[in-house]
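Since the structure is predicted, the reported quantities are computational estimates derived from the model, not experimental observations.
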Amino acid sequence: MDPYLLDLRRSTKDPLTDNNIIKADIFIAKFFPKTRIANLSNIKIEATIEQRALNISPIISKEEISKLIRSLLNSKVLGLDGILNKVFKVVALVVVKDLVEVASYCLASGIIPESLKEFITVVLRKEKKKNYFLLGSYRLIAFKNTLAKVLEKHVVNIMLKAVEEHRLLLWN
C-alpha cells in the first residue's frame, strides 16, 4: 500500500479502492472535469469589430530579460529545482545570452521545445482533514520549467504593454 495515498472512493456510497489506476481516474475526474462546448449559434452580433494588427517584435534583448529576471521576488522559487530567485538572478548573469537566444527563437518560430512544456504535478494532503478518503482532502500543485516561466512572464509583459498602448481594455 502506498503510504501517501490512502484508499479512495468516488462518493461516500461507493466502496474504498486500493487500485492505483482507479485512484488516478478519481483524481482526474475531480481535478480535470470534462467541459462542454457552448452553443453560441443563436447569438446575433450586430456591431462591427475593428480589427487591428499589433506588430510585436519576437526579438528579445539582453536588457529586457535581465530586467525581467531582476524583477523576480528574491524569496520565491521559480522552478521545481527549489532554487530561490535570488540564486537564479546570479546564475542568469552568466547564461543571459543563452536565455535571450532561446526566448527569441521560441517567439520568432512559434515553436516551444517539449522540455519547456513539461511539468510535474504533486498531490499533497491538506492538514487537519477528518477524512483522507475524500478527494477534497488533497490539493494539486504543478511545477513548471523555470525558463518557461520566464518566457511566459515576458510574453505577458508584452501583451500588457500592447493592451495599454492600444487601449484595448476600457476601464470605467
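- With sequence neighbours excluded, the residues forming a side-chain contact (heavy atoms from CB on, under 4.5 Å) with L140 are F31, F32, T121, V123, listed by chain and number.
- Pairs engaging residues 59-75 under the salt bridge (charged side-chain N to carboxylate O under 4.0 Å, His left out) rule: none recorded [sequence neighbours left out].
- V100 and Y105 are not part of a single hydrophobic cluster, where members link through side-chain heavy atoms under 4.5 Å apart.
- Applying the side-chain contact (heavy atoms from CB on, under 4.5 Å) criterion to S71, with sequence neighbours excluded, gives K153.
- Under the side chain to side chain donor-acceptor pair (under 3.5 Å) criterion, E101 pairs with no residue, sequence neighbours left out.
- For K126, the NZ atom is densely surrounded, since the number of other residues' heavy atoms within 6.0 Å is greater than 12.
- Closest heavy-atom contact between L8 and F133: CD2-O, 3.5 Å.
- Between L99 atom CG and S104 atom OG the span is 10.5 Å, to the nearest 0.5 Å.
- The distance from the CD1 atom of I26 to the CG atom of N20 is 10.5 Å, given to the nearest 0.5 Å.
- Residue L16 qualifies as enclosed at atom CG: its count of foreign heavy atoms under 6.0 Å is above 12.
- Under the side-chain contact (heavy atoms from CB on, under 4.5 Å) criterion, T12 pairs with L134, sequence neighbours left out.
- Hydrophobic clustering of Ile, Leu, Val, Met, Phe, Trp and Tyr side chains at less than 4.5 Å, counting indirect connections, unites I60 with V155.
- Smallest separation of non-hydrogen atoms from C106 and I112: SG-CA, 4.5 Å.
- Closest non-hydrogen pair, Y138 versus Y132, comes out as OH-O, 2.9 Å.
- Taking each heavy atom of S66 and V96 in turn, the nearest pair found is OG-CG2, 3.6 Å.
- Both I65 and M159 are assigned to one and the same hydrophobic cluster, defined by single-linkage of ILVMFWY side chains at heavy-atom distances under 4.5 Å.
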Could you go step by step and tell me if R10 and D25 meet the side chain to side chain contact (heavy atoms under 4.5 Å, CB included) rule?
CA-CA 9 Å; R10 292 186 194 277; D25 288 341; 3.7 Å; yes

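- The nearest pair of heavy atoms linking N131 to S137 is O-OG, 2.5 Å.
- The structure places CZ of R9 at 11.0 Å from CG of L135, a figure rounded to the nearest 0.5 Å.
- For residues 154-164, no residue pair satisfies the side chain to side chain donor-acceptor pair (under 3.5 Å) rule, not counting sequence neighbours.
- Separation of atoms CZ (R139) and CG (L124) is listed at 6.0 Å; rounding is to 0.5 Å.
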